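All values reported here derive from a predicted model rather than from experimental measurement.
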There are 4 protein chains.
Amino acid sequence: MPRLQEKRAEETKAAIVAAAKQLFGEKGYEAVTMREIAKEAGCSHTTIYIYFKDKETLLHHLSVPPLEELRGRMETAASEPGASAVERMQKLSRVFIEFCLGNRGLYGIFFGVNSERVDTASPSSEINRLRLGLFNLLRRTLGEALGLPDGERLLACSRIYFYQIHGIAATYSHSKESADALMERLTPTFDEAVAVLMLGFNALQSNKEVGKQ
Amino acid sequence: MPRLQEKRAEETKAAIVAAAKQLFGEKGYEAVTMREIAKEAGCSHTTIYIYFKDKETLLHHLSVPPLEELRGRMETAASEPGASAVERMQKLSRVFIEFCLGNRGLYGIFFGVNSERVDTASPSSEINRLRLGLFNLLRRTLGEALGLPDGERLLACSRIYFYQIHGIAATYSHSKESADALMERLTPTFDEAVAVLMLGFNALQSNKEVGKQ
Amino acid sequence: MPRLQEKRAEETKAAIVAAAKQLFGEKGYEAVTMREIAKEAGCSHTTIYIYFKDKETLLHHLSVPPLEELRGRMETAASEPGASAVERMQKLSRVFIEFCLGNRGLYGIFFGVNSERVDTASPSSEINRLRLGLFNLLRRTLGEALGLPDGERLLACSRIYFYQIHGIAATYSHSKESADALMERLTPTFDEAVAVLMLGFNALQSNKEVGKQ
Amino acid sequence: MPRLQEKRAEETKAAIVAAAKQLFGEKGYEAVTMREIAKEAGCSHTTIYIYFKDKETLLHHLSVPPLEELRGRMETAASEPGASAVERMQKLSRVFIEFCLGNRGLYGIFFGVNSERVDTASPSSEINRLRLGLFNLLRRTLGEALGLPDGERLLACSRIYFYQIHGIAATYSHSKESADALMERLTPTFDEAVAVLMLGFNALQSNKEVGKQ
DNA sequence: GATGAATGAGATTTCATTCAT
DNA sequence: CATGAATGAAATCTCATTCAT
């Protein structure tokens, strides 16, 4: 019955991942040492190397599941039935923001705000693939919401939209308030931000069409 | 003649600050070593400790002048005569963004995107005062541009506006492209972002007024 | 049926020895890890410790059979019928050199070129006995070839002869070329080296005899 | 007066080099740690990194002066006036052997008996240049001694000659006896080895010439 | 005022080896 | 018999910082 050992191993690995996630999130990738992670995970620092080739690999293994979960939740939000375009975008944004605030420091790593070393070492790894996937989902959804076809126009709008939610996340990513507290306090503002953008996009559209005539 | 020495000292200090500013900006706070700064400044690394207690203190002394310069430039942009509301906001934003992209690594430190260590050490120091000043300037200018009085309404709009420009800065703050290249390539998008927001703010306003009637 | 287990055990042990031999030979003692050996042997690294107290013990158990095989081959070469004295010595040398080049890293260990740690641990163990045996075989053969009785004279000649072949082995023991390639390329030189020595020994002999007269 | 500091620095550097030379010689490159060297040199291990980029650089800086000294001594021996060909070669060999025995472990590193890592990392560094220079000196001297022109013939003889002295060095390179003791005890044998080779080379030459006729 | 010398603390990573199953 | 899990010791190297001049 090797099951018992297997279970122990998975527990240890999970403990390491959990510890690393928490610490990276709290203090940032570079500021956390392998020994700290090990102590938090309740094992020797060498044990980490059984499960992860090195610190960076640990970070990557750590990043993928949350990002995939985020994508799942964003897809759900994007395809919510019986919701207006604005509502869908608001839901999508809330999901994204909540995720970022719930993962704080990690967020900075995921979205390249931090740590050039990480980006340098894995220019086109799975994380980048996931990032791109999120952006595309966002663009697609926005295109539907605005009735815009793929193209430069939509790309520009998507960027602007992304700046907005990225800015929100960045703004609070180092706040001491909990994700929940922040969401409770600021969700109206976030929703309004989305509403403003959508109104602005539409208005711009109308202006241009008027200009054409 | 202590004047001569004083002058030399002042020069050395300035050289250190300049070197540190450049290097922190280029590579980020953690990635720069005291020896690098000293080499760039043309002095011994021990000399730095004559003027600054430690690396962190150096960083803080370093942050204030650029932020004050930024405020100056933003004030100029905000009070540009013969410019429409949107144009003024666009100019303001360009100034802010260009500053952030021109100072990269530093930007992250100024605006708390990075390195909680720094924040921890100076919870509400002069930097925070400056940050707040910038935000107020922005709010005032936006209030004038939108014809809105101080209050919750304007605060919310200001936040949304800040998210946007902060998001822009954050998005490109780790790009390999130079500030100039980025500005050249993306200024239209940035301007459009501002335009969209202004249109959105106004549209929202109209909606609400309509609702009131 | 403990036989079956015994056999399996024997096989595992043999696999370990074979793997260690190959890897030590290829990369040198220090550069090989227990895990590498285990992987090559197709077992867990802990299994090695069932059969061998530690890495060093493994090395020692490993050294004996090849050395005995070498002695066998050298004895065969030494007693080859219908060969001239020089030819016998050349064959003997080729056998020795080929063995050394075919075992590279191991050779250094066998003949104390490397790693005093090993020597320290077993100052006059079985390996030394074997080494001495080889040298005696060599001396005996050389004595016959030169028509010299045991004694200082023969001892000196044997040493000189040993230096030569040891020098050959040492020279190429870290070359990147394969044993086969080296043998093919350099056998003429090696043979000539032996021929030169034999000529020299004989000439020296003649000189001395002339001197005596 | 920075002279005092400068002197201290050179003393420290010299102490490091001396300690490293001794320890590398005694235990081999890989087996010696930077901390050991530092302790022996009477400084902190970080101090070493002030003077040498890394362990390998330390080794190289360490290797060059002895090798150059060796070349000098060999050149002197090679051009000794009023000495027969054999005597010159014997002197040359004694110089080489004495150097090797006096530098033991280091010898293995210089002549590639040890540590593939070292060779790999600096395939054509200054050390290799020096090695080649020694071999050429040896070949030239041997050519003069044998009256042989440059060419395959001389190259083969040089190789054989090199094997011999390399073999001598290798044989005793891990002996516990001091260089002096070994030289005293074995110089006659070493000289005889050279004499035998020279006799052999000449005899071979005669044989071939006879064969040609 | 300024500097070169020197250091201690600490980071990542590797490896031989033991323990529980 | 055999193994996966886990560890302690140790190695190289970096860096901010202090001390003596």
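Within the shown strands, F:dG4 is the pairing partner of E:dC19 under the Watson-Crick or G-U definition, both distances less than 3.5 Å.
The side chain of C:Lys55 lies closest to E:dT17, out of F:dA16, E:dT17, F:dC13. When the nucleotides F:dA5, F:dA10, F:dT14 are ranked by their closest atom to the side chain of A:His45, F:dA10 comes out on top. In this structure, the nucleotide among E:dA6, E:dA2, F:dA6 sitting nearest to the side chain of A:Arg8 is F:dA6.
Atom CG in C:Leu59 sits roughly 13 Å away from atom P in E:dA16 (whole-Å rounding). Atom CD1 of A:Ile16 is separated from atom C1' of F:dT7 by 12 Å (rounded to the nearest Å). Atom pair A:Lys39:NZ and F:dT7:C1' shows a separation of 15 Å (rounding to whole Å applied). The CD atom of A:Glu30 sits 15 Å away from the C1' atom of E:dG10 (whole-angstrom rounding). In this entry the distance linking CZ of C:Phe52 with C1' of E:dT17 reads 16 Å, nearest Å. Taking atom OH of residue C:Tyr49 and atom C1' of nucleotide F:dT7, one finds them 13 Å apart after rounding to whole Å. In this structure, CD of D:Glu11 is placed 9 Å from P of E:dA6, rounded to the nearest angstrom. Look at CD on A:Glu56: it is 15 Å from C1' on E:dA11, rounded to the nearest Å.
Within the 3.5 Å criterion, the main-chain N or O of D:Thr57 finds a donor-acceptor partner in the side chain of D:Asp54. The main-chain N or O of C:Glu10 is never found under 3.5 Å from a side-chain atom of C:Tyr51 such that the two would form a donor-acceptor pair. Listed for the D:Glu36 side chain is a donor-acceptor partner under 3.5 Å among the backbone atoms of D:Thr33.
Each of C:Thr46 and A:Thr46 was assigned the nucleotide of DNA chain F with the nearest heavy atom; the assignment lying further toward the 5' end belongs to C:Thr46. Both D:Ile48 and C:Lys53 sit near DNA chain E, but only D:Ile48 has its closest nucleotide nearer the 5' end. Of the residues near DNA chain F, D:Asp54 and B:Arg35, the one whose nearest nucleotide (by heavy atom distance) lies more toward the 5' end is D:Asp54. Heavy-atom nearest nucleotides on DNA chain E were determined for C:Met34 and for A:Met34, and the one closer to the 5' end corresponds to A:Met34.
For CD of D:Glu11, the number of neighbouring non-hydrogen atoms (other residues, nucleotides, ligands) closer than 6.0 Å is greater than 12.
Within the cation-pi definition used here (under 6.0 Å to the ring centroid, within 45° of the axis), A:Lys55 does not qualify as a partner of A:Phe24.
Here D:Tyr51 reaches the OP1 or OP2 of E:dA6: one of its side-chain N or O atoms lies under 4.0 Å away. For the OP1/OP2 pair of F:dA5 and a distance below 4.0 Å, the side-chain nitrogens and oxygens of A:Thr12 include no atom meeting the criterion. The side chain of C:Ser44 places no N or O atom within less than 4.0 Å of a non-bridging phosphate oxygen (OP1 or OP2) of F:dA2.
Using a 4.0 Å heavy-atom cutoff across all strands shown, C:Thr33 reaches sugar-phosphate atoms only and no base atom.
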